[in-house]
K.L.:
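Got a structure here, written out as structure tokens. Questions coming.
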Amino acid sequence: MRPTRQRSDPTETAAGSIAIVDIGELATPIGKGALRGAEMGRLRRVRGAALVAQAGRIIYAGPQDTAECKAALDAAKALGAPILDADGAACVPGFVDSHTHFLFAGYRADEFFWRAKGLSYMEIHHRGGGIRRTMEATRLASASELLALGRARLDSMLAMGVTTVEGKSGYGLNRDTEIRQLEVMRELDSLSPVDIVSTFMGPHSTPPEFEGRPSAYIDYLIGEVLPEVARLRLARYADIFCEKGVFGIDDSRRYLEAARSLGFGLKIHADEIEPLGGAGLAAEFGAASAEHLLKASKADLAAMAEAGVLAVCLPLTAFNLREPYADARSMIDLGLAVALASDLNPGSCPSQSIPLIFALGVLYMGLSFDECLSALTLNGAAALGLAGDRGSLESGKRADLIILDAPEASHLAYRSGMDLVRTVVKDGIVAFSSAS
């Protein structure tokens, strides 16, 4: 049966309450903001742990053999809350995938094989593939069709332990389809256990109506689309693909200024293909995050660190494009806060494999396991402005967590590419179980 978001009845005191005992290892970052630099490598690890939640919030997470734990467990039992026995398995926070384009119609499998034969991202783009191809399919899709596609993808996310996801628009490239994408995401947020943070990304590419006129398209978005998205409160963030051959620095600056004036948080696809300076622009605006960063200069990364801009690295995209990975090791050493995310989309990254992200992070990006877990949980939440609310297993946070089919959290990287998610708890309610 498809998982559905459950709304707590305030008259039912046990709603969202749960106790998990006999946790072999509880592994979590700690904090209510982004972890920067060396902080990312300092997980809290507790052997022989328990976790107790009431009304969807954690009230205890720590050693099971303490008086405090006994009191929390007694309170849970008094409420009639379910008691889960982890049977020695590891427990980690729910994953926060802070960069996806998950709501789209149509696939582009042929482009995967074009890339395998050596065609570059921009060669495929100029051949008529890429974003515009998905735009055509998405414009033709009804809201009900997009809803069905989105629900299926959210179910897959949940089964991999994703409890919060960012969803970007950007496959309409016109007012009506962009609004439809965002409205469907809002409906999906009410239906799925997975929380969705929506980002408006109208400037994902230049549509055929504005062929060769990217500045005119930015004028259109600023004049007709951004204000409507703001009026309808359909997105928390605004994003732009700042890249050579897409939108340059000047157009990106105009767009970001307009988005900021309307109250959007700012994100930017920066320096993915060419070192254009998008990371420096993110620093100039104090954006919430800059994303991709495969070709970002060290000076711009240092400016991001100074400005407190979070770096969102997307190893699955580099893997699929056969490009060098973003230098997350240097970013952390510069004092940046780094998040890892999937970039799920139908072209450059038709995958949302969380296990593969862990493996790539450790094997090819020079990160420790602890840094990877921080990047996929607390720093992912920070990239979405939610670190005070989720992303770690500590009192007061949402009870969003995963019980693994493994005795230690590090198996997420060690058993490369394996699905180790046994149970997912969202807001104190079991939302997924591999046994069901």
Side-chain angles (χ1 to χ4, degrees), residues 1-7 94-112 129-202 204-205 207 228-229 232-236 239 316 341-354 384 400 419 421 424 426-427 429-434 436:
M1 186 174 68
R2 165 168 279 156
T4 302
R5 181 181 292 275
Q6 300 181 44
R7 300 294 185 186
F95 301 130
V96 179
D97 192 346
S98 57
H99 180 131
T100 83
H101 305 258
F102 81 87
L103 193 62
F104 59 86
Y107 288 97
R108 299 177 355 226
D110 50 353
E111 294 180 18
F112 175 86
I131 292 166
R132 276 198 189 179
R133 193 168 168 199
T134 299
M135 174 209 76
E136 293 166 359
T138 304
R139 284 185 178 184
L140 292 172
S142 67
S144 61
E145 289 169 333
L146 289 174
L147 189 74
L149 290 166
R151 288 206 73 178
R153 290 175 192 140
L154 289 167
D155 290 349
S156 295
M157 291 179 201
L158 185 67
M160 283 189 290
V162 174
T163 51
T164 300
V165 67
E166 187 236 25
K168 300 180 191 290
S169 70
Y171 289 127
L173 309 184
N174 62 16
R175 177 193 174 280
D176 289 350
T177 315
E178 291 291 318
I179 295 292
R180 182 159 66 250
Q181 276 192 278
L182 293 167
E183 287 178 336
V184 169
M185 278 192 266
R186 181 161 63 186
E187 185 172 358
L188 286 167
D189 184 53
S190 71
L191 295 172
S192 170
V194 180
D195 288 331
I196 301 170
V197 176
S198 295
T199 294
F200 172 64
M201 198 178 173
H204 199 190
S205 183
E228 186 69 358
V229 174
L232 295 172
R233 299 183 179 181
L234 288 173
R236 178 178 297 193
D239 197 346
L316 293 178
S342 72
D343 192 25
L344 172 64
N345 72 76
S348 59
C349 187
S351 171
Q352 197 186 26
S353 175
I354 301 298
L384 303 178
D400 295 356
D419 180 8
V421 175
V424 180
K426 175 71 180 119
D427 292 328
I429 296 169
V430 174
F432 169 80
S433 171
S434 62
S436 61

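A quick note: this is a predicted structure, and the numbers were derived from the prediction, not measured.
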K.L.:
Are the side chains of Asp343 and Leu316 in contact, using a 4.5 Å heavy-atom criterion?
P.N.:
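Sidechains of Asp343 and Leu316: no contact.
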K.L.:
Just verifying a value: how many Å separate Arg153 CZ and Thr100 OG1, rounded to the nearest 0.5 Å?
P.N.:
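Rounded to the nearest 0.5 Å, the CZ-OG1 separation comes out at 10.0 Å.
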K.L.:
What's the separation between atom CG in Leu147 and atom CD in Glu187, rounded to the nearest 0.5 Å?
P.N.:
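It comes to 4.5 Å.
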K.L.:
Counting N and O atoms only, with roles assigned by atom type, does the side chain of Thr199 sit under 3.5 Å from a partner on the main chain of Gly167, one being a donor and the other an acceptor?
P.N.:
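No.
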K.L.:
Walk me through it: do Asp97 and Met160 pass the test side chain to side chain contact (heavy atoms under 4.5 Å, CB included)?
P.N.:
CA-CA 11 Å; Asp97 192 346; Met160 283 189 290; over 6 Å; no
K.L.:
Evaluate the side chain to side chain contact (heavy atoms under 4.5 Å, CB included) criterion for residues Met185 and Phe102: first the C-alpha distance (whole Å), next the side-chain angles of each, then the deciding distance (0.1 Å), finally the verdict.
P.N.:
CA-CA 10 Å; Met185 278 192 266; Phe102 81 87; 4.1 Å; yes
K.L.:
Indicate yes or no: at least one non-hydrogen side-chain atom of Met135 is less than 4.5 angstrom from one of Pro207.
P.N.:
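Of all side-chain heavy-atom pairs linking Pro207 with Met135, at least one is under 4.5 Å.
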K.L.:
Check whether any side-chain heavy atom of Arg133 lies under 4.5 Å from a side-chain heavy atom of Asp110, and answer yes or no.
P.N.:
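Yes, side chains in contact.
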K.L.:
Do the rings of Phe104 and Tyr171 sit parallel, tilted or perpendicular, given the 30° and 60° boundaries?
P.N.:
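Ring orientation, 0 to 90° scale: perpendicular.
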K.L.:
Between Thr138 and Arg180, is there a side-chain heavy-atom distance shorter than 4.5 Å?
P.N.:
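Not touching, per the 4.5 Å side-chain cut-off.
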K.L.:
Hey, is the main chain of Asp427 close enough, under 3.5 Å, to the side chain of Asp400 for a donor-acceptor pair?
P.N.:
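Yes, because the side chain of Asp400 sits within donor-acceptor range (under 3.5 Å) of the backbone of Asp427.
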K.L.:
Test side chain to side chain contact (heavy atoms under 4.5 Å, CB included) on His204 and Asn345 and set out the steps.
P.N.:
CA-CA 12 Å; His204 199 190; Asn345 72 76; over 6 Å; no
K.L.:
Do the side chains of Leu173 and Ser205 get nearer than 4.5 Å, heavy atoms only?
P.N.:
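Ser205 vs Leu173: side chains touch.
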K.L.:
If you round to the nearest 0.5 Å, how far is NZ of Lys426 from CG of Asp195?
P.N.:
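Reported value, rounded in 0.5 Å steps: 3.5 Å.
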K.L.:
If you define the side chain from C-beta out and look only at heavy atoms, does anything of Leu158 sit under 4.5 Å from Ser192?
P.N.:
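No. Closest side-chain heavy atoms not under 4.5 Å.
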K.L.:
Quick check: closest heavy atoms across Arg139 and Gly172, and the distance to 0.1 Å?
P.N.:
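Between these two residues, the closest heavy atoms are NE-O, 2.8 Å.
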K.L.:
Between Phe200 and Leu182, is any pair of side-chain heavy atoms under 4.5 Å apart?
P.N.:
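Counting from C-beta outward, Phe200 and Leu182 do come under 4.5 Å.
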K.L.:
Please find the pair of heavy atoms, one from Thr134 and one from Pro346, that lie closest to each other, and give the distance.
P.N.:
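Answer, listing the atom of Thr134 first, then Pro346: OG1-CG, 3.3 Å.
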K.L.:
Of all residues at least two apart in sequence or in a different chain, which pass the ring-ring contact (aromatic ring centres under 6.0 Å, His included) check with Phe95?
P.N.:
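Testing Phe95 for ring-ring contact (aromatic ring centres under 6.0 Å, His included), a comparison that skips the adjacent residues, returns Phe358.
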K.L.:
Rounded to the nearest 0.5 Å, what's the gap from CG on Leu384 to CD1 on Ile196? Could you check?
P.N.:
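Answer rounded to 0.5 Å: 12.0 Å.
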K.L.:
Should Val197 and Val165 be marked as a side chain to side chain contact (heavy atoms under 4.5 Å, CB included) after you check the CA-CA gap, both sets of side-chain angles, and the distance that decides it?
P.N.:
CA-CA 6 Å; Val197 176; Val165 67; over 6 Å; no
K.L.:
Shortest non-hydrogen contact from Ser342 to Ser351?
P.N.:
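Result for this residue pair: CB-O, 4.2 Å.
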K.L.:
Distance from Cys349 atom SG to Phe112 atom CZ, nearest 0.5 Å?
P.N.:
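Between atom SG of Cys349 and atom CZ of Phe112 there are 10.5 Å.
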K.L.:
Is it true that a side-chain atom of Gln181 and a backbone atom of Leu103 form a donor plus acceptor pair closer than 3.5 Å?
P.N.:
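Yes: the side chain of Gln181 pairs with the backbone of Leu103.
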K.L.:
Do you know the tightest heavy-atom contact between Ala141 and Ala105?
P.N.:
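Heavy-atom minimum between the residues: CB-CB, 3.9 Å.
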K.L.:
Answer with yes or no whether the side chains of Ser198 and Arg186 bring together a donor and an acceptor at under 3.5 Å.
P.N.:
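Short answer, no.
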K.L.:
Keeping the roles fixed (side chain from Arg108, backbone from Pro350), state whether a donor-acceptor pair exists under 3.5 Å.
P.N.:
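The answer is no, because no donor-acceptor pair under 3.5 Å joins these two groups.
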K.L.:
Rounded to the nearest 0.5 Å, what separates atom CD in Glu178 from atom NZ in Lys168?
P.N.:
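The distance works out to 12.5 Å.
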